[in-house]
Amino acid sequence: MNNVYKKSVSLLLCAIMASSGTALALDGRPGAISGVTLSASADTVAPTAASIKAGTTKDETVYIFLYPDGSVRSQTVSGWLHNPDGLRGVAERVNLQNVKNVKSDLAPTLRDGLLSWDTDETDVYYQGQTDLTPPVTMAVSYTLDGQPIAPAELAGRSGRVTITLRFINNTGKSQTVAGETRTVYTPFAVAAVCNLPTDTFKNVSCGDLPLVAEGNNQMVAIAALPGLKESLGDSYDLLRDEAGIELKDTFTITADATDFSMGSILAAVTSDLPLDSLKKAADFSELTDALDDLQAAAGTLQDGTAALADGMGTFAGKLGELAAGIDGLAGGIDALAAGAGQVTTGAADLKAGADALYSGVQTAAGGAKSLQAGAADLKAGAAELQTGAVSLNQNTQTLKAGAAGVSQGVQDYTAAIGQLFAAVMGKLPALEEEMSGVQAAVTEQMNTTAGDLQAAAGDMTQIMTTLSTLIGQIDAMEQTGAADPSVTAPLKTTALTLYDQLNGHIDRLKALGGDLETLSGTARKVAGDLNQQYNQMKEKLVPMQQELTEKSAQLAAGAENLSDGANRLAAGTEQLSGGASSLSGGADRLADGTDTLAAGAGQLESGAADLSAGAGKLAAGTEAAGAGAAALQAGKGQLQSGASQLNQAAGNLRDKTGELRDGMSQFKSDGVDRLHRTAGEMTDQLEELLELRDALVERAESYTSYTGSPEGAQSKVKFVLKTDAIEKETAAETAAAPEKPAKVSFWQRIVNLFKRKD
């Protein structure tokens, strides 16, 4: 057959393998299992069921426990039977022994291979053992330093170890395909894992198999399609020779072992393959249509690789610009680091200033509180001053009235002098008596007036003392800074003015007192003279009259002075009362202002504390920013180096995409186009492969159970193979009890890899 035929066969076989969920690279390296589950359909060789009930499903999980050489030690089958209408009347003919219910106390009936459950429950879970031949088995052999060795003898040994695994498909049947009789096997996909701890195995070599490292373990992953090579017959040679695809059933692992021990080899087997893609290609015409699509896609791919090559040229150029921009960015990073240092310094200065402000505000708040207390004292003193001023004003009014009375009395007395002298001459005998009465009246009036003047002077002295104390308090508050001079100056000026006025009034009162004292002395002297010279006065009446007239004039003048002083004192006390009232109002306003000042000082103190705390956070943040800028500056070299490497890689990628464009053009012309031109020559050969495909699909779909299932039930089966571990303490074969995973162990993790993810 020609090369075109061989390539067509390769394409069809690749489709078969892809539908099985196993991906193999063109160089024969096994890829990852994709979309494979552990479920399969019932076996045509299994016993048939004994009853039919619609809606019945069965799920089997078959655990096959193997000796280290792969021979079967025991098989445990776990079954899950389900029917939404209950399982009463559902029976299945199975090849099982020692069947037991694992979920409840319900006991099954097993007679002559017919298993039934007398229950209306919808689900039953059970286990049993079987001695059937598994569809796929595994053979494992070992050598030590090139010599065959039994697994039990290998435990604890050291040297170059070779482990050979072979997977055997036991479902082969003779079948006629395209007029030729050949053995066709039910297609199964196998995935296995061999765990090789690094403490025991070094220098592991496994050919094309992938070696996966997981912590202290090394795992060799194996994917196989046992029996497919035999089913393909001569077509497999074409697949291997032309496409480079190998279907291997046997795999070899070599390693340097120290104190040999090895855990279980795990394998999962399934025939539940996605066959829909194979079924769709019903005849050769659909395959040729696919080749038409392939040719069109190859043309599109060729155009795309050309565009990719052009785009990579542009990409490489832009990366050059990026590298230049990164150099500029590096300069900006240096500037950023310098600026971050300045910001850090400024933040520290701000923090120090905020702390100083907070300390000053605390001092100011204390002074405001002291001023507030002093203003309260001033307010109280002003109230007392106002009260005293009112009292003083009342007393001066009384003094004023008394002075007016004295003046009027003196005037009346002077007027009566003439009358007195007229009557004296006729009343000389009674003169002495009248003189005594006048002397007593004058003395009494003088004493009363002098007492009033002394009381007024005392009141004024007390007010001056209060004003002096007030002025001293204002001076003290100004010196300590507790009061604003602009506020207290008017108060102090008013108090000083009042003090000076009162001092002047006191001087005038003292002068009036002196005058009164003089008048009193004169009156006493007159009385004495009158008493002593009474007889002479009789003879000297005229001179005496003249003298008395002069003295009366002096008395009138003194009374007038007394009245004027009383008037001036009344006017001064009225001014004092008004000033005291103004002082009291100013003290009220000062107290209110100091209250506002104290409240504002409290708010200022709180704000200054917040400012200090915020400045601290800002300083901490700028320190972090400075550290970040330093780290950024440290990483700029790596960024520049990476940009340079990226630029160089982009150049290489540009060159390689050019090569890809050329290779894609050659692939289209020499491969796809040629395959499309000669597809008509392969009709007979491809029809043979399509018939083989139908046989494989039929075999896969006819596998419905391993140990048996109810007739008409939808069944699935899962196969998991596990060898015994090889350890020093394992000296002989031991019978193992049926095992089932109790938790998500390493084994279960491997099993989960093959569960279908819908």
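Small disclaimer: the values here were computed from a predicted structure and weren't measured. Values below: all heavy atoms of this structure, side chains included; hydrogens, waters and symmetry mates excluded.
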Once you round to the nearest 0.5 Å, how far does [atom1] of [X] lie from [atom2] of [Y]?
X	Y	atom1	atom2	answer
F201	C194	CZ	SG	7.0 Å
Y125	L81	OH	CG	10.5 Å
Y185	N169	OH	CG	7.0 Å
S141	I149	OG	CD1	12.0 Å
S74	D131	OG	CG	11.5 Å

Margin query: Whether D85 and K53 form a salt bridge (side-chain N of Lys/Arg under 4.0 Å from carboxylate O of Asp/Glu) is what I want to check.
Written below: no

For [X] and [Y], work out which heavy atoms get closest and say how close.
X	Y	answer
A223	F251	O-CZ, 3.7 Å
M262	N195	CG-O, 3.9 Å
G55	P84	O-CD, 3.5 Å
V90	P710	CG1-CG, 3.8 Å
P134	I64	CB-CD1, 3.6 Å
T171	P135	CG2-CB, 3.8 Å

If we ignore hydrogens and angles and just use 3.5 Å, is the side chain of [X] paired with the main-chain N or O of [Y] as donor and acceptor?
X	Y	answer
T122	H82	no
N170	T133	no
K718	D59	no
E92	E711	no
Q75	L132	yes
K58	G708	yes
T198	N216	yes
R157	D259	no
Y706	T61	no

Check: Taking T164 as the fixed residue, which of I253, T250, T143, V140 is the one that meets the side chain to side chain contact (heavy atoms under 4.5 Å, CB included) rule?
Finding: T250

Report yes if some heavy atom in the side chain of [X] is under 4.5 Å from a heavy atom in the side chain of [Y]; otherwise report no.
X	Y	value
L247	L232	yes
I222	V190	no
M138	T723	yes
V717	V62	yes

Determine whether the side chains of [X] and [Y] contain a donor N or O and an acceptor N or O closer than 3.5 Å.
X	Y	answer
S715	E60	no
S261	E727	no
N83	T56	yes

Checklist line | Intermediate values then yes/no, side-chain contact (heavy atoms from CB on, under 4.5 Å), V136 and I168 | finding: CA-CA 5 Å; V136 175; I168 305 164; over 6 Å; no

Does atom [atom1] of [X] have more than 12 heavy-atom neighbours from other groups under 6.0 Å away?
X	atom1	result
Q714	CD	no
K202	NZ	yes
R166	CZ	no

Check: Just one of D256, N203, D145 clears the side-chain hydrogen bond (donor to acceptor under 3.5 Å, both in side chains) bar with R160, so which one?
Finding: D256

Item checked: Qualifying residue for side-chain hydrogen bond (donor to acceptor under 3.5 Å, both in side chains) with T186, from R699, E698, E701 -> R699

Notebook entry, point to check: When you measure from the centre of the six-membered ring of F65, is the NZ or CZ of K722 under 6.0 Å away and within 45° of the axis?
Noted result: no

Next item on the list: Take F719 and Y63 through the test ring-ring contact (aromatic ring centres under 6.0 Å, His included) and record every step on the way to the result.
Entry: CA-CA 6 Å; F719 293 94; Y63 298 96; over 10 Å; no

Item checked: Aromatic ring proximity, centroids under 6.0 angstrom, F188 and F167 -> no

Result block: side-chain N/O donor-acceptor pairs under 3.5 angstrom for residues 110-119, not counting sequence neighbours:
{"unit_1": "D118", "atom_1": "OD1", "unit_2": "R88", "atom_2": "NH1", "d": "2.1"}
{"unit_1": "T119", "atom_1": "OG1", "unit_2": "E121", "atom_2": "N", "d": "2.9"}

